[in-house]
2 protein chains.
Amino acid sequence: MQPLLGLDWGTTSLRGARLGERGQVLEERSFPRGILSVAPGQFAAVFESLFGDWMTADSLCLISGMAGSQQGWLQAPYCACPAGFAELTTKLAWIAPGRIAIVPGLSIEVDGVPDVMRGEETQVFGALKLLALDSARLVLPGTHSKWVSVQNGRITQFSSSMTGEVYALLRQHSILARSMVEPESDRNNGPAFERGVHQALTGKGLLHTAFSARTLALFERIDQAALPSYLSGLVIGEEIKMQGLSAGDALVLIGAPLLCALYKTALQLVGVSVTQVGNQATWAGLHALAQTLQTQAAKNK
Amino acid sequence: MQPLLGLDWGTTSLRGARLGERGQVLEERSFPRGILSVAPGQFAAVFESLFGDWMTADSLCLISGMAGSQQGWLQAPYCACPAGFAELTTKLAWIAPGRIAIVPGLSIEVDGVPDVMRGEETQVFGALKLLALDSARLVLPGTHSKWVSVQNGRITQFSSSMTGEVYALLRQHSILARSMVEPESDRNNGPAFERGVHQALTGKGLLHTAFSARTLALFERIDQAALPSYLSGLVIGEEIKMQGLSAGDALVLIGAPLLCALYKTALQLVGVSVTQVGNQATWAGLHALAQTLQTQAAKNK
């Protein structure tokens, strides 16, 4: 196999890894150089300066994430679901043929409304490889969380939830922010978090339950320092409530450890069992794509 | 009856009216002098400078709204529900005995979580007087909308919804703001608003449906200028969905005409009939409270 360089080029950060034959990480770098920090036309120069030394004459570089968006290096049109490795590899957006390519995001349409992802598709396929699964339900928590269904190796359904963004809006800009002590306290108050999840699961909806963060503070029925955790529980609980899960369901959870720990706690409250995969899912996904490319190339010879 | 001056002293604005024997408005003034603009200790001076000329030797001034909050003129402790005129009048917070009083807000506790209102209780009782009703379900749209149930002249249940605030957060601070043209376009695109309401009523929940404002713009499936109306429909539709209404239900809608028109449209989409009352509800409520005071005083003589 060609020497492989994987890049996860998102909105606010850029991570890269040199990957070995079996997909193992040989070396990793990360930079605060998300696409929002790169001027149009400067992507090639930024890539060369940060990763140029890793590219040998026969290297392959695969890039996932927002680098393929309109504001990125090269627009990689969305690939419509259902989609698996075959669809992704045929729709790669090649910057330098055979050398550097961007993985397309996925789109889906449900009842006339489109939904999209960019980067998460690579994590999903990577996690499935790592877990040796070809069907699963997965959740990727974040600013815009994604809930994904995979059947026989292809993503058949997915749905976004603006959970992380709505948490930040309520935490920083709403009337609730006035009750929350600075500096930004963390979201690790377990009992307050679980209380928020419970409130969300049994309540009318977030527009109503969010107000309880204010009234509980007003009546001194919750410790001020615990409010961010309570609010976090409300928002994550609301996201989980929307999914129509049942006790006994199993989910694969992909993401950073701290955020995944919150989701795991909340999901366990509804009786859902969780298998966790970290951010290495991206590298596994890019490695698997490179393998698929190689197999296709061998067939075409 | 004593000459009556009514004040609606909110967070950002201050309105006052001289009211006649039958509650009719003789003269009205409004100022951008909400409680947030008044320094602690300065409320009496602001009142005197703006309304002092209306106070005669035997005048009564009743004030509703956030002037009774911790940051206001004088804290008027919440009155617990169920509550009617009798409870409100006995819990008035007197600034100058027999002359100037603040109407208490209401509190309620549902499943261990408090909810509160300040000012809306006066509008509710005013609207019921104007409509000659003593039982009704009412909605007061706004930054923090209130849904209120009244039975036999007493508020028995109410619930807040952070609809207006969440709309503003999503409109101004979220990723959706990037797709919305400046200057702030209005919320009067009827078809886009109704499309948003429909999406909210049939969708999984606001955390998911709000993302559709982004994807519809991304795929140019909605006119950019119509996005604020669509988002408004999503948020108001979500609020309505939480209430468990049925076709054939009847509601009293209290508030400013433009906002009420949006709610009326949305409520009609779920088959709910609406009776509308404007902001004169406050004056009617304060007048009715003054009458109750007078009756009580006469009894006590």
Side-chain angles (χ1 to χ4, degrees), chain A residues 11 69-71 78 107-116 143-147 159-170 172-176 178 195 198-199 202-219 221-222 235-236 238-244, chain B residues 11 69-71 78 107-116 143-147 159-170 172-176 178 195 198-199 202-219 221-222 235-236 238-244:
Chain A
T11 304
S69 72
Q70 217 168 4
Q71 292 77 36
Y78 292 105
S107 65
I108 197 167
E109 188 162 323
V110 179
D111 297 334
V113 178
D115 205 335
V116 294
T143 306
H144 301 152
S145 298
K146 308 292 177 187
W147 290 72
S159 160
S160 301
S161 174
M162 292 179 66
T163 313
E165 180 158 13
V166 168
Y167 171 77
L169 291 172
L170 291 171
Q172 294 160 19
H173 296 290
S174 82
I175 192 171
L176 308 179
R178 295 191 214 162
R195 185 175 175 185
H198 176 77
Q199 195 60 36
T202 57
K204 287 183 189 180
L206 185 61
L207 289 176
H208 173 63
T209 57
F211 198 65
S212 71
R214 172 160 168 74
T215 55
L216 288 170
L218 194 64
F219 288 92
R221 298 269 287 275
I222 192 168
V235 181
I236 291 174
E238 180 85 2
E239 176 185 2
I240 288 171
K241 190 183 180 184
M242 292 193 312
Q243 312 304 326
Chain B
T11 305
S69 71
Q70 218 169 1
Q71 293 76 36
Y78 292 105
S107 64
I108 196 167
E109 188 161 323
V110 179
D111 297 333
V113 178
D115 206 335
V116 294
T143 305
H144 302 153
S145 297
K146 309 293 178 188
W147 289 72
S159 162
S160 301
S161 175
M162 293 178 67
T163 313
E165 181 159 12
V166 168
Y167 171 77
L169 291 171
L170 291 172
Q172 292 160 19
H173 297 289
S174 81
I175 192 173
L176 307 180
R178 295 190 215 162
R195 185 176 175 184
H198 176 77
Q199 194 61 34
T202 57
K204 287 185 189 179
L206 185 61
L207 290 176
H208 173 62
T209 57
F211 197 66
S212 70
R214 172 160 167 73
T215 54
L216 288 171
L218 194 64
F219 288 92
R221 299 268 288 274
I222 193 169
V235 182
I236 291 174
E238 180 85 1
E239 177 184 3
I240 289 171
K241 189 183 179 183
M242 293 193 312
Q243 312 304 325

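The chains referred to below are lettered A, B, ... by the order of the sequence lines, with proteins before strands, and numbering in each begins at 1.
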Between [atom1] on residue [X] and [atom2] on residue [Y], distance to nearest 0.5 Å:
{"X": "I175(A)", "Y": "M162(B)", "atom1": "CD1", "atom2": "CE", "answer": "7.0 Å"}
{"X": "W147(A)", "Y": "I240(A)", "atom1": "CH2", "atom2": "CD1", "answer": "5.5 Å"}
{"X": "Y78(A)", "Y": "D115(A)", "atom1": "OH", "atom2": "CG", "answer": "9.5 Å"}
{"X": "T11(B)", "Y": "Q71(B)", "atom1": "OG1", "atom2": "CD", "answer": "9.0 Å"}

Among the options [options], pick out the one with the most heavy-atom pairs lying under 4.5 Å from chain A.
{"options": "V116(B), T163(B), L216(B)", "result": "V116(B)"}
{"options": "K204(B), H208(B), R214(B)", "result": "H208(B)"}
{"options": "L169(B), L207(B), T143(B), T215(B)", "result": "L207(B)"}

In chain order, what residues pass the side chain to side chain contact (heavy atoms under 4.5 Å, CB included) check against H198(B), with sequence neighbours excluded? T202(B)
Could you check which of S107(A), G112(A), S174(A), A168(A) has the highest count of heavy-atom pairs closer than 4.5 Å to chain B? S174(A)
Most heavy-atom pairs under 4.5 angstrom with chain B, which of Q243(A), R221(A), K241(A), E239(A)? R221(A)
Proximity breakdown for [X] and chain B, heavy-atom pairs closer than 4.5 Å:
{"X": "V166(A)", "answer": "side chain"}
{"X": "L218(A)", "answer": "side chain"}
{"X": "S145(A)", "answer": "neither"}

Where on E238(B) is there a heavy atom nearer than 4.5 Å to chain A: the side chain, the backbone, both, or neither?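 Backbone plus side chain of E238(B), per the 4.5 Å heavy-atom cut-off to chain A.
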Minimum heavy-atom separation for G203(B) to T209(B), with atom names? CA-CG2, 4.0 Å
List in chain and number order the residues that pass ring-ring contact (aromatic ring centres under 6.0 Å, His included) with H144(A), two or more places apart in sequence or in another chain; answer none if no residue qualifies.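 H144(A) satisfies ring-ring contact (aromatic ring centres under 6.0 Å, His included) with F211(B) only.
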